[in-house]
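Just so it is clear: chains get the letters A, B, ... in the order the sequence lines come, proteins before strands, and each one is counted from 1.
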Amino acid sequence: MPEGHTLHRLARDLNGLFGGEIIRATSPQARFAEGAALLDGRVLAKADAYGKHLFVTFDADRHLHVHLGLYGTFVLDAGEPSVPRGQVRLRIEGERGYADLRGATTCEVLTRVERVGVVARLGPDPLRRGADASRAYERISASRTTIAALLMRQDVIAGVGNVYRAELLFRHGVDPFLPGRELPSATWYDLWKDLRALMRHGVRTGRIDTTRTAHTPRAMGRPPRQDRHGGDVYVYRRAGDPCYVCGTAVATAVLEARNLFWCPTCQRSRATAAE
DNA sequence: GGCTTATGCGCAG
DNA sequence: TGCGCCTAAGCCA
């Protein structure tokens, strides 16, 4: 379930399970045999996430770069390693447990310089300390592209995926088709602040819950628990179902090859009401 | 058992 | 804009 929170949680867990240890690295699937050999027997110094990218630093300037893509998983387990089940791209084994990587779209070993190059292409990540929201707003406020599309661009803002995109815009009553240049500055900083809270909650719980966190706008009330897709949401994948706030059928459309969900009533261009 | 879908993204054209 | 990657889960039969 890889949006940014998943990768940050993963980094945290990898540090907890392997941090500072010499690890064994193998590629049971054999698709990553050369890469695994580069990491085998090395010290796993630190895991870190930038947006949806995970980096695991080993000694000797070796940096594992993982991107889970749409259906990759990296599952950690304490205790004795089991016989690898399914297609395991990379297995890491330590003193206290092991981890299996499957289905990742990217799994490669980089140098520090190469890693810096990957990070340099990303926009600010709300989950990283010191992330600069204004850097994203510079791009957004200069663009004719819709805010819904801009939120998904990792070079504008790193870590947002289809669920957070839909939920964030709903929570703030922002029309997803509003051009970035028409999004008021104040609205953007509200979105950023809320997004950071939502994603931090996601890191803590491992789920995307957008209906019951502390920052839920009061007027929206508390919809029933659904837990349909690993979290409780207002509009994501609820096409045709009644909006929890106003009862209007949740709308859906394909935008830049991704499914977009929104409430046509709650998300009129309220953001431009200031004009 | 098969088919569809997916919280992503790079690439060809 | 559409395809392919490559995996698992959900749905149907």
Side-chain angles (χ1 to χ4, degrees), chain A residues 1-11 27-33 35 49-55 65-77 84-91 99-108 110 114 117-123 125-127 145-146 148-171 176 195 198-211 213 226-241 250 252-262:
Chain A
M1 327 332 99
E3 294 196 26
H5 69 299
T6 303
L7 285 301
H8 282 263
R9 184 178 172 86
L10 210 41
S27 181
Q29 189 185 1
R31 274 196 54 192
F32 186 59
Y50 291 81
K52 299 171 189 170
H53 296 257
L54 175 71
F55 295 95
H65 174 214
V66 170
H67 193 296
L68 294 177
L70 191 53
Y71 35 62
T73 58
F74 207 168
V75 178
L76 281 61
D77 197 359
R85 201 175 306 156
Q87 306 286 26
V88 177
R89 186 86 48 90
L90 170 67
R91 166 169 283 191
D100 285 343
L101 175 68
R102 294 177 166 83
T105 194
T106 300
C107 175
E108 60 187 359
L110 303 179
E114 290 170 325
V118 172
V119 174
R121 282 180 243 124
L122 299 173
D125 174 351
L127 284 174
T145 305
T146 62
L150 288 167
L151 282 175
M152 295 285 278
R153 298 202 182 157
Q154 302 300 301
D155 58 341
V156 172
I157 177 169
V160 177
N162 209 8
V163 184
Y164 281 125
R165 182 252 304 255
E167 295 297 302
L168 184 68
L169 293 176
F170 176 83
R171 283 164 62 91
L195 183 59
L198 289 173
M199 293 182 77
R200 282 180 176 167
H201 179 83
V203 174
R204 278 197 299 277
T205 62
R207 301 151 37 95
I208 300 181
D209 293 312
T210 63
T211 69
T213 59
Q226 319 144 54
D227 199 19
R228 289 158 54 119
H229 308 284
D232 295 331
V233 295
Y234 283 105
V235 291
Y236 177 71
R237 282 242 251 174
R238 293 194 61 245
D241 292 343
V250 171
T252 187
V254 176
L255 177 68
E256 295 190 354
R258 304 302 301 276
N259 294 319
L260 173 66
F261 303 89
W262 78 101

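For dG8(B), neither phosphate oxygen OP1 nor OP2 lies less than 4.0 angstrom from any side-chain nitrogen or oxygen of His67(A). One finds no side-chain N or O of Asn162(A) lying less than 4.0 angstrom from the OP1 or OP2 phosphate oxygen of dG8(B). One finds no side-chain N or O of Tyr164(A) lying less than 4.0 angstrom from the OP1 or OP2 phosphate oxygen of dT7(B). In this structure, Arg237(A) does not reach the dT7(B) phosphate: none of its side-chain N or O atoms is under 4.0 Å from OP1 or OP2. Residue Lys52(A) has a polar side-chain atom (N or O) positioned under 4.0 Å from OP1 or OP2 of dC9(B). The side chain of Gln29(A) contributes an N or O atom lying less than 4.0 Å from OP1 or OP2 of dT7(C). Between Arg258(A) and dT7(B) there is a side-chain N or O to OP1 or OP2 distance below 4.0 Å.
In this structure, Val250(A) and Val235(A) approach most closely via the heavy-atom pair CG1-O, 3.8 Å. Nearest heavy-atom pair, His8(A) versus Val203(A), reported as atom, atom and distance to 0.1 Å: CB-CG2, 3.9 Å. Summarising the geometry of Lys52(A) relative to Gln154(A), their closest heavy-atom pair is NZ-NE2, 3.3 Å, with the distance given to 0.1 Å.
The separation between Glu108(A) atom CD and dG10(B) atom P is 11 Å, rounded to whole Å. In this structure, Asn259(A) places its CG atom 14 Å from P of dG2(C), rounding to the nearest Å. Taking atom CG on Leu168(A) and atom P on dT7(B), their separation rounds to 17 Å, with Å as the unit. Rounded to whole Å, atom C1' of dT7(C) lies 16 Å from atom CG of Leu90(A). Atom CD in Glu3(A) sits roughly 14 Å away from atom C1' in dC9(B) (whole-Å rounding). Rounded to whole Å, atom C1' of dT7(B) lies 5 Å from atom OH of Tyr236(A). With rounding to whole Å, Leu195(A) atom CG is found 17 Å from dT7(B) atom P. Rounded to whole Å, atom C1' of dT7(B) lies 11 Å from atom CG of Leu7(A).
No contact: Glu167(A) has no heavy atom under 4.0 Å from any strand. Residue Arg31(A) is in sugar-phosphate contact alone, with no base atom involved, counting any heavy-atom pair closer than 4.0 Å across all strands shown. If you check every strand for non-hydrogen atoms under 4.0 Å, Glu256(A) touches nothing.
A salt bridge links Arg91(A) with Asp100(A); the closest basic N to acidic carboxylate O contact falls under 4.0 Å.
Relative orientation of the His53(A) and His67(A) rings is perpendicular, given thresholds of 30° and 60° on the angle between their planes.
The separation of dA8(C) from dG10(B), taken at their P atoms, amounts to 23 Å, rounded to a whole angstrom.
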